There are 2 protein chains.
Amino acid sequence: MSRNPEEPVYNRIEESRVALGLSRQDLANKAGVHYQTIGYLEREEYSPSLVLAIRIAKSLNHEVSELFSLTPFKKGK
Amino acid sequence: MSRNPEEPVYNRIEESRVALGLSRQDLANKAGVHYQTIGYLEREEYSPSLVLAIRIAKSLNHEVSELFSLTPFKKGK
DNA sequence: ATGCTATGTAGCATTAATGCAATATATAAA
DNA sequence: TTTATATATTGCATTAATGCTACATAGCAT
């Protein structure tokens, strides 16, 4: 089996990032990753490693569980 | 750069697993992974994907942030 | 002694996550 | 118009995370 076989992880990265007035590049810098990576994550093209998830959560002043979920987030908050 | 270049993730998987009286195989079954994977994680030989971290946390009735951390956990609770 | 369970170790194969470069588009500002 | 910023898209290379198999060891039963 592969690592995450068609097992998506939903997230609210873009929502939180925009709320803080940050560009993807800004967030990428804070999290220490490539800015394209943020794009891939926001489009949910793949799910991050735990390390990255923790770094992003920290960069956005959120708990991992507030930003990422195995089940879809409800619209609006 | 690689994915998690020498960036360890500390965890309390073994502690929590034993507290629940589960074997690695038991936890592996609940989390849907190979039992060796649990071993690797407990020995902190590598850090899990976010999906796996969430599944393990759920299997152990814990929050991701309670089980995993970028900084070492203090001894005893 | 035999068997079973739990664990460690080692090796190999697969693939997703990430980096990075290039190009394209849209928008806003100068 | 030109410039700069933000984003999307594509493609390629690297490597860590995971699966799986096999073997070894130790403990605890029987």
Side-chain angles (χ1 to χ4, degrees), chain A residues 1-60 62 64-65 67-73, chain B residues 1-60 62 64-65 67-73:
Chain A
M1 202 192 267
S2 62
R3 293 211 274 151
N4 300 317
E6 50 200 299
E7 181 106 26
V9 176
Y10 305 91
N11 72 73
R12 295 177 132 167
I13 299 180
E14 181 165 31
E15 193 177 332
S16 305
R17 171 178 65 80
V18 172
L20 292 180
L22 299 175
S23 72
R24 289 184 179 172
Q25 182 65 68
D26 292 334
L27 176 54
N29 289 153
K30 297 186 85 177
V33 288
H34 200 267
Y35 83 98
Q36 302 282 33
T37 297
I38 303 294
Y40 283 123
L41 294 179
E42 291 189 351
R43 281 175 249 123
E44 287 168 352
E45 290 187 27
Y46 56 58
S47 49
S49 65
L50 176 60
V51 204
L52 181 51
I54 295 180
R55 290 212 220 107
I56 290 182
K58 190 168 303 181
S59 301
L60 294 174
H62 276 289
V64 170
S65 53
L67 278 182
F68 303 92
S69 168
L70 293 186
T71 55
F73 287 100
Chain B
M1 201 193 267
S2 62
R3 290 209 277 148
N4 300 316
E6 50 200 301
E7 181 105 25
V9 176
Y10 304 91
N11 72 73
R12 294 176 132 167
I13 298 181
E14 181 165 30
E15 192 177 334
S16 305
R17 172 178 64 80
V18 172
L20 292 180
L22 299 175
S23 72
R24 288 184 180 172
Q25 182 64 68
D26 293 333
L27 176 55
N29 290 152
K30 297 186 86 176
V33 289
H34 200 267
Y35 83 100
Q36 302 282 33
T37 298
I38 304 294
Y40 284 122
L41 294 179
E42 292 190 350
R43 281 176 250 124
E44 287 168 351
E45 290 188 26
Y46 56 58
S47 50
S49 65
L50 176 60
V51 204
L52 181 51
I54 295 180
R55 289 212 222 108
I56 290 181
K58 191 168 301 181
S59 301
L60 294 175
H62 276 287
V64 171
S65 53
L67 278 182
F68 302 91
S69 169
L70 293 186
T71 55
F73 287 100

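Here the structure is a predicted model, which is why all the values come from computation and not from measurement. Chain A is the first sequence line, chain B the second, and so forth, proteins listed ahead of strands; every chain is numbered from 1.
- Side chain of N11(B) to main chain of E42(B): no donor-acceptor pair is present (N/O by atom type, distance under 3.5 Å, no hydrogens or angles).
- In this structure, CG in L22(B) is found 10.0 Å from CD1 in I38(B), a value given to the nearest 0.5 Å.
- Two rings, from Y10(B) and F73(B), have their centers 6.0 Å or more apart.
- Between the CD1 atom of I38(B) and the P atom of dT9(C) there is a distance of 16 Å, rounded to whole Å.
- Of the two residues near DNA chain C, Y40(B) and E14(B), the one whose nearest nucleotide lies more 5' is E14(B).
- Across the protein-nucleic acid pair, Y35(A) atom OH and dA21(C) atom P stand 10 Å apart, rounded to whole Å.
- The nearest whole Å value for the distance from the CZ atom in R55(B) to the C1' atom in dT18(D) is 11 Å.
- Annotation: salt bridge (charged side-chain N to carboxylate O under 4.0 Å, His left out) contacts involving residues 27-36 of chain B, sequence neighbours excluded, are absent.
- The interatomic distance linking L22(A) (CG) with dT5(D) (P) rounds to 16 Å, in whole Å.
- Here dA17(D) is the nucleotide among dT10(D), dA17(D), dT18(C) with the atom lying nearest to any side-chain atom of Y46(B).
- Atom CD in E45(A) sits about 13 Å away from atom P in dG11(D), given to the nearest Å.
- Considering only side-chain N and O atoms, R17(A) lies nowhere under 4.0 angstrom from the phosphate OP1 or OP2 of dA6(D).
- The phosphate of dG19(D) (OP1 or OP2) has a side-chain N or O of T37(B) nearer than 4.0 angstrom.
- One can place CG of D26(B) at 12 Å from P of dT5(C), the figure rounded to the nearest angstrom.
- The listed nucleotides are dT7(C), dA22(C), dT18(D); the one nearest the side chain of S23(B) is dT7(C).
- Of the listed nucleotides (dA17(C), dT18(C), dA10(C)), dT18(C) has the atom at the smallest distance from the side chain of L52(A).
- Between S49(B) and dA16(C) there is no side-chain N or O to OP1 or OP2 distance below 4.0 Å.
- Every residue two or more places apart in sequence or in another chain that forms a salt bridge (charged side-chain N to carboxylate O under 4.0 Å, His left out) with E14(A) is listed here: R17(A).
- Nearest-nucleotide positions on DNA chain D place Q25(A) closer to the 5' end than the other of A53(B) and Q25(A).
- Using a 4.0 Å heavy-atom criterion, one finds that Q36(A) contacts the bases of the nucleic acid, with or without backbone contacts as well.
- Going from atom CG of L41(B) over to atom C1' of dT9(C) covers 16 Å, rounded to whole Å.
- Rounded to a whole Å, the CD atom of E42(B) is 13 Å from the P atom of dA6(C).
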